[in-house]
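Only one structure is covered here, and it is reproduced in the block below.
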Amino acid sequence: MPVGPEWLALELRDVLTGRALGQWVLPAAFATAPRLLPSGQHALIGDGAGGLRLLTLR
């Protein structure tokens with residue numbers, strides 16, 4: 001697993017239950033700029049509180 005200030009370990013949780021679903025390791029740039037995921041149907045964006053939000057695009 002990559003480590004250092006240029007990487008984030010993102011824990012994925014279910015919004016309703018808070019149950020941990022898994023973990024992604026992402027470049028830290030994801031926290032400051034929206035990124036389109038390869039599917040083209042979702043984007044990741046920082047929430048300003050140290051977390052990331054997965055947005056569904058329509």
Side-chain angles (χ1 to χ4, degrees):
M1 172 176 358
V3 294
E6 63 276 358
W7 295 97
L8 295 173
L10 174 65
E11 186 172 72
L12 304 173
R13 292 189 169 268
D14 183 283
V15 173
L16 297 176
T17 65
R19 183 175 59 94
L21 300 173
Q23 189 176 48
W24 282 350
V25 176
L26 302 169
F30 276 89
T32 57
R35 302 288 185 198
L36 186 63
L37 294 182
S39 70
Q41 297 188 17
H42 296 87
L44 284 176
I45 188 168
D47 67 3
L52 295 173
R53 300 231 179 230
L54 178 64
L55 304 175
T56 300
L57 306 175
R58 296 183 182 181

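The analysis underlying the following values was restricted to heavy atoms, covering all of them including side chains, and did not include hydrogens, waters or symmetry mates.
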- line: Shortest non-hydrogen pair, Arg13 vs Ala20, comes out as NH1-N, 3.7 Å

message: Minimum heavy-atom separation for Leu36 and His42, please, with both atom names.
response: CD1-O, 3.4 Å

task: Check step by step if side-chain contact (heavy atoms from CB on, under 4.5 Å) holds for Gln41 and Leu57.
output: CA-CA 5 Å; Gln41 297 188 17; Leu57 306 175; 5.6 Å; no

